[in-house]
Amino acid sequence: MAEKRVALITGAGRGIGAAIALTLAKENTDIAVVDYADESAAAETLAALREAGAAARYYRCDVSDFAAAKEVVDAIAKDFGKIDILVNNAGITADKLILRMEEEDWDKVLAVNLKGCFNMIKHVTPYMMRKRCGRIVSVSSVVGLMGNAGQANYAASKAGIVGLTKTVAKEFGPRNITANAVAPGFIKTAMTEALSEEQKKAMYKLIPLGCLGETQDIANAVKFLVSDDARYITGVVLKVDGGMYI
Ligand code: NAD
């Protein structure tokens, strides 16, 4: 049997991150769950990961904090002995039209969604370079490619992930580290479930496949991008959006 891999996944306590974690756990991968919420919020996810046969540990960290991110990455490398895979999934929104958007709304979304990715990449890549091997996947959004009224901060952060990913692919390609992004469209989560039937119908009209995506659809894309089958793929933005971007 192949050697077990180790994946560091941010924002893996719930939602899309938890689905990615569980999917990789079923692929012979141990999981470091990095999340800002209290560990109790991730209890269900951790139990499911262990049930799937993974060694899973929780690390509480705000990814936007450069020094805290380094501490956590170093602890994970020590606890697991290596880091093969980094999935930058943690993300937040603070939606407002620019007319009403405060400086703080801009700063906090960029800090978590974009600087958070930089922080993790900065601290994880030295470990990957030592092994001359690594896989990085960052979760962007179709909103970063299309723009969206009321989400200037979020769209800019998700577009920033695209530029960051392409740069990481170029800088670290010679070290056998790939960097790719996944751009989800509308995915069924607590947030989209809370929308009215009317709002949902309006949303379906924008999606050629006529339905929302599942968290598993994003996890499947990440599973592929970190697999050996994707060894020659780097710097891509894989849209998982039911055709919404077309
Ligand atoms: P979610 O809010 O359900 O989960 C996000 C997780 O990130 C939570 O566990 C939260 O505690 C954690 N987190 C938040 N801030 C953090 C920080 N500073 N440091 C560490 N962890 C932090 O969100 P989700 O819907 O599962 O989204 C996951 C990712 O997918 C995000 O990057 C989001 O922008 C992106 N995305 C989601 C959708 C969608 O439809 N849900 C669409 C496109 C992109």
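We count ligands from 1, going down the list as the structure has it; atoms in each ligand are counted the same way.
The pair D35-R60 does not count as a salt bridge, with every side-chain nitrogen at least 4.0 angstrom from each carboxylate oxygen. At a threshold of 4.0 Å, the pair K82-E3 counts as salt-bridged, since one of the basic side-chain nitrogens sits closer than that to a carboxylate oxygen.
Per-residue contacts place D62 under 4.0 angstrom from the following atoms of ligand 1 (heavy atoms of the residue considered): 17 (C), 18 (N), 19 (N). Counting the atoms of ligand 1 from 1 in the order shown, those under 4.0 Å from a heavy atom of C61 are 19 (N), 20 (C). When each atom of ligand 1 is checked for a heavy atom of T189 under 4.0 Å away, the hits are 25 (O), 41 (N). Set against the non-hydrogen atoms of R14, the atoms of ligand 1 under 4.0 Å away are 1 (P), 2 (O), 3 (O), 4 (O), 8 (C), 9 (O).
Cation-pi geometry between R130 and Y127 is met: the NZ or CZ atom falls under 6.0 Å from the ring centre, inside 45° of the normal.
Every residue meeting the side-chain contact (heavy atoms from CB on, under 4.5 Å) condition with T165, not counting sequence neighbours, appears here in chain and number order: S138, I161, A179, A181.
Looking at A42 against ligand 1, nothing comes within 4.0 Å, counting heavy atoms. Residue-level proximity to ligand 1 for A183 is absent, since no heavy atom of it falls below 4.0 angstrom. In I92, the part holding a heavy atom less than 4.0 Å from any atom of ligand 1 is the side chain. With a 4.0 Å cut-off on non-hydrogen atoms, D35 touches ligand 1 through its backbone as well as its side chain.
Between S140 and ligand 1, no N or O atom pair is found at a separation short of 3.5 Å. Backbone and side-chain nitrogen or oxygen atoms of V112 are examined, and none is located within less than 3.5 angstrom of a nitrogen or oxygen of ligand 1. Here's the thing with G15: none of its N/O atoms is less than 3.5 angstrom from an N/O atom of ligand 1. Checking only distances, S141 never comes within under 3.5 Å of ligand 1, N or O to N or O. Every N/O-N/O distance between V34 and ligand 1 stays at or above 3.5 Å.
Between atom 5 (C) of ligand 1 and the options A12, G91, G185, the minimum heavy-atom separation is to G91. Scanning Y36, F186, Y154 for the heavy atom closest to atom 44 (C) of ligand 1 points to Y154.
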Checklist entry - Are Y59 and D79 close enough, and set up right, to give a side chain to side chain donor-acceptor pair (under 3.5 Å), and what steps lead you there? => result CA-CA 11 Å; Y59 300 84; D79 292 344; 2.7 Å; yes
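No option in I31, L86, I136 other than L86 meets the side chain to side chain contact (heavy atoms under 4.5 Å, CB included) test with L8.
Heavy-atom separations between G116 and ligand 1 are all 4.0 Å or longer. Look at V139 and you'll find a heavy atom under 4.0 Å from some atom of ligand 1. At least one heavy atom of K158 lies less than 4.0 angstrom from ligand 1.
Within the 4.5 Å cutoff, no side-chain heavy atoms of F172 are placed close to those of M128. Taking 4.5 Å as the limit, every side-chain heavy atom of R231 sits out of range of all side-chain heavy atoms of T178.
Atom NZ of K70 has 12 or fewer heavy atoms from other residues, nucleotides or ligands within 6.0 Å.
For the 3.5 Å distance criterion, the side chains of T23 and Q216 qualify, holding a donor opposite an acceptor.
The backbone N or O of A55 lies less than 3.5 Å from a partner atom in the side chain of D30, making a donor-acceptor pair.
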